[in-house]
Each structure stands twice: as C-alpha cells, then as structure tokens.
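Here the structure comes first, spelled out in structure tokens, and everything after it is commentary.
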Amino acid sequence: AVLGCALLLPTVLGEDCPSPCSCWSLGEPWGTGVDCSSRGLRALPALPRLTRVLHLHNNSLASIPAGALDGLGHLQELRLWDNPWHCDCHILYLKLWLQDFSAPALARLRCTSPAPLRMKALGHLTGNDLGVCTRLLPTKCLQFFWRDLILIAGAVITLLLVAWALKFSKRLVCQLRLGSRRLRRSIHKTH
C-alpha cells in the first residue's frame, strides 16, 4: 500500500495539492481528484487546473469568489452541498456558473442566510430576492466603458470630418476644372 501511494503522489503533485485537501491522480491524461470536504474551509483554496473531481461539501463556505472556478476547464464532478451559503450579490457568480456546469449540483444548494432566504434553493433565487446589487460592474469595467465611449465618439467625429473633406474636395476639383476650361478658352481666343 505504501508503494501504491508513492507511485500516485508524483503524478498528482505535478501541480500542488492545496494543503488542507487530499489529492489523487485519475491517470496522467485524466487529471486530478481533489477532496477538500469536511475541512472547515471558509475560503476556496488554490486548485490544480487539471482538477476533474472536486469535493467541497460539508465546509464553511459562504460564497465562491467571482472567476474562481473559471480556470477548471476539465472539471467533471463537483460536490458543494452542506455549506452555509450566504445569498446576496456575491452568490450570483456561483449560481450562474452552476447553471452552465450542472443543474443537479445547483438544485442541491440552499441558502443559509440572510434569514428571509433561509432554505431557499440557490437555483430559484431571483433579482428580487437579492435586492439591489449596486456594484455589479467593477470600477475598472466602468472606466473601460467611458474609454470605449470616448473612442467611439472620436471615430464618429473623424468619419464626419473625412466625409465633409471629401465633399469639399469634390467641389474644389469641379471649380478647378471649370477654371482650367475658362483659362484654355481665353488662351485660344488670344491666339
């Protein structure tokens, strides 16, 4: 049994296993299993990117930070039940992510707080349940919005100036042609 564990560890530890968790190899091309269940976790640990099986049930997780699960493109199994989920604006990321990943996993999760939402299924939360989420967009996103708006306005103004310049240049070319015809006629008359 000791030899079997020694053979498993090098393939799993190619990526670090989070310290409070235990990991096992699913075979080189299949990735890693990570068991962080019943560890009293209050925050999500840094997970190996090749995680295929992830057990986070029976912890003290109240939410999952936005983007924390996005890098787990190989994930096939996720257990999140028995955590005290706090259902406010911070839970939106997990709800939306689970809607894409696994409807059954989403159906098993229940809100623990705030009191009016206690025992409500996370999948049944609506915008009315969450109240007003005042900062859905981070400040940086709003800065990019204003920058993009200014760039678009600048492009529109530039296009209008180019159109005006083209119209003006056509008029100028017409005047030059008429002027050169008159000049030729006057030269022919004098000769």
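Just the heavy atoms: all of them, side chains too, but no hydrogens, waters or symmetry mates, feed the values below. As the structure is a computational prediction, the values presented were derived from the model and not from experiment.
Note that the CG atom of N83 and the CG atom of L122 stand 11.5 Å from one another [nearest 0.5 Å]. If you take NZ on K120 and CG on L125, they are separated by 6.0 Å, rounding to the nearest 0.5 Å. Distance CG/L26 to CD/E77: 9.5 Å, rounded to 0.5 Å. The NE2 atom of H55 sits 11.5 Å away from the SG atom of C21 when rounded to the nearest 0.5 Å. Considering CG of L109 and CG of L94, their distance stands at 6.5 Å, rounded to 0.5 Å.
Between P84 and C111 there is no side-chain heavy-atom pair separated by less than 4.5 Å. Counting only heavy atoms from C-beta outward, the side chains of N59 and S38 never approach each other to under 4.5 Å. Residues R79 and R108 are not in side-chain contact: their nearest non-hydrogen atoms beyond the backbone lie 4.5 Å or more apart. Between S22 and R39 the shortest side-chain heavy-atom distance falls below 4.5 Å. The shortest distance between side-chain heavy atoms of L69 and F101 does not fall below 4.5 Å. Within the 4.5 Å cutoff, the side chain of L80 has no heavy atoms near those of the L54 side chain. At a threshold of 4.5 Å between non-hydrogen side-chain atoms, the residues T32 and S25 do not count as touching. Between L41 and S60 the shortest side-chain heavy-atom distance does not fall below 4.5 Å.
Smallest separation of non-hydrogen atoms from D70 and Y93: OD1-OH, 2.8 Å. The two atoms that bring L75 and R52 nearest to each other are CD1-O, 3.5 Å, heavy atoms only. G123 and K95 get closest at one heavy-atom pair: O-CE, 3.9 Å. The minimum heavy-atom distance linking V34 with P48 is given by the pair CG2-CD, 4.0 Å.
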field: Intermediate values then yes/no, side chain to side chain contact (heavy atoms under 4.5 Å, CB included), L106 and Q99
entry: CA-CA 7 Å; L106 178 61; Q99 282 175 344; 3.5 Å; yes

message: Could you go through L117 and D88, starting from their C-alpha distance and side-chain angles, then the distance that decides it, and tell me whether this counts as side chain to side chain contact (heavy atoms under 4.5 Å, CB included)?
response: CA-CA 10 Å; L117 299 178; D88 65 0; over 6 Å; no

message: Run the side chain to side chain contact (heavy atoms under 4.5 Å, CB included) test on W97 and I64 for me, step by step, so that the C-alpha distance in whole Å, both residues' side-chain angles and the decisive distance to 0.1 Å come before the verdict.
response: CA-CA 10 Å; W97 191 88; I64 300 287; over 6 Å; no

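Between the side chain of N58 and the main chain of S37, no donor-acceptor pair closer than 3.5 Å is present. Checked by atom type and distance alone, the side chain of R118 pairs as donor or acceptor with a backbone atom of T112 at under 3.5 Å. Judged purely by atom type and a 3.5 angstrom limit, T51 has no side-chain atom pairing as donor or acceptor with the backbone of V53. Not a single donor-acceptor pair under 3.5 Å links the side chain of S102 to the backbone N or O of L98.
Under the 3.5 Å distance criterion, with hydrogens and angles disregarded, no donor-acceptor pair is assigned to the side chains of H86 and S63.
Paired with L56 under the rule side chain to side chain contact (heavy atoms under 4.5 Å, CB included), one option of D35, D82, L78 passes, and it is L78.
A continuous path of Ile, Leu, Val, Met, Phe, Trp and Tyr side chains, each step under 4.5 Å between heavy atoms, connects W24 with W30, placing both in one hydrophobic cluster.
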